[in-house]
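Written below as structure tokens is the structure these notes are about.
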Amino acid sequence: MSDMNLTVHVWRQKDAKSPGKMVPYKVTGVSEHASFLEMLDILNEQLQAKGEEPVAFDHDCREGICGMCSLMINGRPHGGQKATTTCQLHMRKFKDGEEIFVEPWRAGAFPVLRDLSVDRTSFEKIQQAGGFVSTNVGSAPDANSVPIPKEDADRAMDAAACIGCGACVAACPNGSAMLFVGAKLAHLHSLPQGQAERGHRTQAMVNAMDAAGFGNCSNHYECEAACPKEISRDVISLMNKDYVKASFTHRERSGKGDGGA
Amino acid sequence: MSWFQRYMRSSIGAKQVMAVTGLGMVLFALIHMTGHLQMFGGRDMYNGYAHFLQHLEVKWVARLGLIAIVVIHIFTAISLVMKNRAARPVAYAMYKPVASTPMSRYMAMTGLVILAFIIYHLLHFTIGTVQPQYFHMLDDKGRYDAYSMFVRGFQNVGIFASYAVAVFMLCMHLGHGASSWIQSLGWRHPKYGTDKLGPILGIVLFLGYIAPPTAVLIGMIKLPGA
Ligand code: SF4
Ligand code: FES
């Protein structure tokens, strides 16, 4: 197969405050071996050659592990190919002459910074609220002193695969972030190291999620279908159970006698 | 804010409120259905059941409890729909859902149709303003003749049709809701195929509710002496 010529409809928005709109562009001579982001690179070169502003979009590793790439392609997050990030999506999946629609993630908690680039600080805030374990440095226990069943280790690994891309939020009809938050919680709560702060962590992260203005899960499961890391809806179920338990039974930190934290 | 208020206002608390109140209504719907299947047992059996319900000691406790459940379910739903709209202020130019179903996406719409029907249904059979001429008849044992009121109601094709639409909407609503609550409470477990519970319950209730009126419409269940 030879090179492809495409029409790409792209969301153009000057900055967070300006209104935006979809603008069609012709892009020519795209190799079928190019990734989707490389196709956008080619588009940007052609735009710059004409003296136009290139399209802003997020990317970093381009190998499916960092979670920066974030495009709604033809109505599907990351283009809708199973277990694939936008950077790993290849142009051979498209046809010569095809019209492609590219939009940013749409969520109030992910404001557009420019064109296709959105601000995902809200995810950082959720992580900072509890997505860690507190340990003393310099006292790492012997590796095998805490036995962990293989099934638990596997479940923790599966949840830890979340790269924080936000496709779950983008896919959800309600703009809910529960797959992301559920994955972060399930990662730590499947392991003994996560148990000490379990109640506090669940409440802190869910409260941070609500405060950021994400929508409410109504169990459509679009998130699970869109997730490039195939995070299961089971993590949401676990979070729901932990949250009700923590709400009704967890003795919350009083600020007194807990080391002043 | 107390811990309880914070729980109730949280995203997860709200969906658990939807789950528990929804479950309460599903249980009522099942009991109500078995009650009306007694139409097949004849006039004496059905009127006996109606008489028993009318004279239940806890009738108003049950009624007020149900009303409270319905009101909480509706107000929580309204607040959730509003928050979810606000969570996506700019719509996609192109959006293709793949995992959700018409059942899950039209919950608010089917819910509103069911609400409208319940009000009409109460006016018809509980308050008696739809067909008042049949409302205060007694049977030969001096009890309210609920059986004849039922038959006269569903001999009317218009009433039958509105009932069929409402019961279908109920089936759709439960097709999502009656399995969704398990996930919302965090009880979903891969060993049990609970995602099928909603559609199964929806179909069971649809058939159970549509059977007695259909039997009336096709003349299988008749007025006494007819
Ligand atoms: S759960 Fe999946 S879709 Fe959501 S942020 Fe993590 S990797 Fe992305
Ligand atoms: S650019 Fe890093 S995951 Fe796509």
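Below, chain A is the first sequence line, B the second, and so on; all start at residue 1.
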Task: Side-chain ion pair, B:Asp195 and A:Arg233, N-O less than 4.0 Å - done: yes
TODO: May I ask you to say whether A:Arg155 pairs ionically with A:Asp152, meaning some side-chain N is under 4.0 Å from a carboxylate O?
DONE: yes
Task: Option in B:Ala93, B:Gly13, B:Ala14 with maximal non-hydrogen atom pairs under 4.5 Å from chain A - done: B:Ala93
- [ ] Against chain B, label A:Glu222 side chain, backbone, both or neither, depending on which of its atoms sit under 4.5 Å from a heavy atom there.
- [x] both
TODO: Sort out for me which of A:Ala226, A:Pro173, A:Ser176, A:Pro104 touches chain B most, counting heavy-atom pairs under 4.5 Å.
DONE: A:Pro173
Open item on the list: Looking at B:Phe168, I'd like to know if its CZ atom is crowded, meaning that more than 12 non-hydrogen atoms belonging to other residues, nucleotides or ligands lie closer than 6.0 Å.
Closed with: no
- [ ] Compute both the distance and the angle, then confirm whether B:Arg63 meets the cation-pi test with B:Trp60: under 6.0 Å from the six-membered ring centre, within 45 degrees of the axis.
- [x] yes
Open item on the list: Between B:Met107, B:His176, B:Arg9, who has the most heavy-atom pairs with chain A when the cutoff is under 4.5 Å?
Closed with: B:His176
- [ ] Go through B:Met103, B:Arg105, B:Arg188, B:Met18 and name the one with the most non-hydrogen pairs under 4.5 angstrom from chain A.
- [x] B:Arg188
Open item on the list: Between A:Phe57 and A:Ser117, is the side-chain contact (heavy atoms from CB on, under 4.5 Å) condition met? List the steps.
Closed with: CA-CA 5 Å; A:Phe57 60 90; A:Ser117 170; 5.9 Å; no
TODO: Using non-hydrogen atoms and a 4.5 Å limit, figure out which bit of B:Gln183 sits close to chain A: side chain, backbone, both or neither.
DONE: both
TODO: Output the option from B:Ala91, B:Pro190, B:Ala86 having the highest count of non-hydrogen pairs under 4.5 Å with chain A.
DONE: B:Ala91
TODO: Classify the angle between the aromatic ring planes of B:Tyr163 and B:His121 as parallel (below 30°), tilted (30 to 60°) or perpendicular (above 60°).
DONE: tilted
Open item on the list: Over 60° means perpendicular and under 30° means parallel, so tell me whether B:Tyr46 and B:Tyr49 are parallel, tilted or perpendicular.
Closed with: tilted
Task: B:Arg152 versus B:Gln155, side-chain donor and acceptor atoms under 3.5 Å - done: no
Open item on the list: Heavy-atom count check: over 12 atoms from other residues, nucleotides or ligands less than 6.0 Å from B:Glu57 CD?
Closed with: no
Open item on the list: Need one label for A:Ala171: side chain, backbone, both or neither, based on atoms under 4.5 Å from any heavy atom in chain B.
Closed with: backbone
Task: chain A contact via B:Arg85 - which portion, at a heavy-atom distance below 4.5 Å - done: neither
Task: Side chain B:Ser10, main chain B:Tyr7, donor-acceptor under 3.5 Å - done: yes
Task: Side chain A:Trp105, main chain A:Cys165, donor-acceptor under 3.5 Å - done: yes
- [ ] Select, from A:Met72, A:Arg76, A:His220, the one with the greatest count of heavy-atom pairs under 4.5 Å involving chain B.
- [x] A:His220
Task: Geometric class of the A:Phe123/A:Phe110 ring pair [parallel <30°, tilted 30-60°, perpendicular >60°] - done: perpendicular
Open item on the list: When you compare the side chain of A:Val181 with that of A:Ile236, does any pair of heavy atoms fall below 4.5 Å?
Closed with: no
Task: Heavy-atom contacts under 4.5 Å, residues 201-219 of chain A to chain B - done: A:Gln203, A:Val206, A:Asn207, A:Met209, A:Asp210, A:Gly213, A:Phe214, A:Gly215, A:Asn216, A:Cys217, A:Ser218, A:Asn219
- [ ] Using a heavy-atom cutoff of under 4.5 Å, enumerate the residues of residues 8-23 of chain A that contact chain B, numbered in order, or state 'none'.
- [x] A:Met22
TODO: Just say parallel, tilted or perpendicular for the rings of A:Phe248 and B:Trp3, cut-offs at 30° and 60°.
DONE: perpendicular
TODO: Sort out for me which of B:Val81, B:Val98, B:Leu80 touches chain A most, counting heavy-atom pairs under 4.5 Å.
DONE: B:Val98
Open item on the list: Over 60° means perpendicular and under 30° means parallel, so tell me whether B:Tyr95 and B:Tyr92 are parallel, tilted or perpendicular.
Closed with: parallel
TODO: Check whether B:His189 gets within reach of chain A through its side chain, its backbone, both or neither, counting any heavy atom under 4.5 Å.
DONE: neither
